[in-house]
Amino acid sequence: MSGPHVIRGSVCLPESELMWRFSRSSGPGGQHVNTSDSQVELRFDLAATDALPPVWKERALARLAGRLVGGVVTVRASEHRSQWRNREAAAVRLAALLAEASAPPPRPRRPTKIPRGINERRLREKKQRGDTKRGRSGRDWG
């Protein structure tokens, strides 16, 4: 692999906790596709890992609950012809998934009041628009 895959900050995916599985891919490759195991399935035991800080781990477990099978998150890659490039793609995808799932929640929006002048201008423009449309009716044509 091309080095440790950083999740965020100084936290990396530990190579020892990654479980790889290879199989035949249905993607491009011609005759070569029938003989090589180029599809990659990468599994990471999120529930049992100590690589993530506890707060990140709780967030990721909660956010990825629908994707987890027994606490294990699985990523599959088969878009490239070579196993090596699929391995890279799967590791990058897993790191991005964990980074997004363990990110802190966004700050809540502070409610603000609409300034009175903006509201009055909006109502004045609505009134003018209504007057314009009312003036188009043919009721007063004799």
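It should be emphasised that the depicted structure is a prediction, and the values quoted were computed from it without experimental measurement. Numbering of residues begins at 1 and proceeds along the displayed sequence.
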Study note, to complete from the structure: residues 104-117 vs side-chain hydrogen bond (donor to acceptor under 3.5 Å, both in side chains), sequence neighbours excluded, gives Arg116-Glu120
Exercise for review: Output yes when Arg43 and Glu17 qualify as a salt bridge under the 4.0 Å nitrogen-oxygen rule, no when they do not.
Suggested key: no
Check your understanding: Do Val6 and Trp56 belong to the same hydrophobic cluster, where Ile, Leu, Val, Met, Phe, Trp and Tyr are linked whenever their side-chain heavy atoms lie under 4.5 Å apart, directly or via other members?
Key -> no
Review point. Going hydrophobic residue to hydrophobic residue with side-chain gaps under 4.5 angstrom, can you get from Leu94 over to Met19?
Key: no
Exercise for review: Show your reasoning for whether side-chain hydrogen bond (donor to acceptor under 3.5 Å, both in side chains) applies to Ser38 and Gln83.
Suggested key: CA-CA 4 Å; Ser38 60; Gln83 186 187 97; over 6 Å; no
Review point. Are Val72 and Ile7 connected in the hydrophobic side-chain network, where two residues link if heavy atoms are under 4.5 Å apart?
Key: no
Review point. Are there more than 12 heavy atoms of other residues, nucleotides or ligands under 6.0 Å from atom CZ of Arg8?
Key: yes
**Study point:** Heavy-atom check, side chain of Arg59 versus side chain of Pro104, under 4.5 Å
**Key:** yes
Check your understanding: What's the spacing between Ser102 OG and Arg63 CZ if we round to 0.5 Å?
Key -> 8.0 Å
Revision key, fill the gap. Distance col, row Thr74:OG1 vs Arg67:CZ, nearest 0.5 angstrom, shows 8.0 Å
Revision key, fill the gap. When every non-hydrogen atom of Arg24 is compared with those of Gln39, the smallest separation belongs to O-OE1, 3.9 Å
Exercise for review: Report the C-alpha distance between Leu46 and Leu64 in whole Å, list the side-chain angles of each, state the deciding distance to 0.1 Å, and finish with yes or no for side-chain contact (heavy atoms from CB on, under 4.5 Å).
Suggested key: CA-CA 10 Å; Leu46 186 58; Leu64 297 174; 4.1 Å; yes
**Study point:** Distance, nearest 0.5 Å, that separates CG of Leu68 from CZ of Phe44
**Key:** 11.0 Å
Check your understanding: Partners of Arg85 by side chain to side chain donor-acceptor pair (under 3.5 Å), sequence neighbours excluded?
Key -> His80
Review point. What pairs with Arg121 under side chain to side chain donor-acceptor pair (under 3.5 Å), at least two apart in sequence or on another chain?
Key: none
**Study point:** Side-chain (Lys57) to main-chain (Ala47) donor-acceptor, under 3.5 angstrom
**Key:** yes
Just distance, no hydrogens or angles: give the donor-acceptor pairs under 3.5 Å from side chains in residues 124-132, sequence neighbours left out.
| unit_1 | atom_1 | unit_2 | atom_2 | d |
| --- | --- | --- | --- | --- |
| Asp131 | OD1 | Arg134 | NH1 | 2.9 |
| Thr132 | OG1 | Gln128 | O | 2.9 |

Review point. Is Val92 reachable from Leu18 through a run of I, L, V, M, F, W or Y residues, each pair having side-chain heavy atoms under 4.5 Å apart?
Key: no
Review point. Does some side-chain heavy atom of Asn86 sit less than 4.5 Å from a side-chain heavy atom of Phe22?
Key: no
Review point. In the hydrophobic clustering that connects Ile, Leu, Val, Met, Phe, Trp and Tyr at side-chain heavy-atom distances below 4.5 Å, which members other than Ile114 occupy its cluster, ordered by chain and number?
Key: Ile118
Exercise for review: Run the numbers on Val40 and Val75 for side-chain contact (heavy atoms from CB on, under 4.5 Å), then give the verdict.
Suggested key: CA-CA 8 Å; Val40 173; Val75 175; over 6 Å; no
Point to revise | Residues forming a side chain to side chain donor-acceptor pair (under 3.5 Å) with Arg76, sequence neighbours excluded | key: Glu41
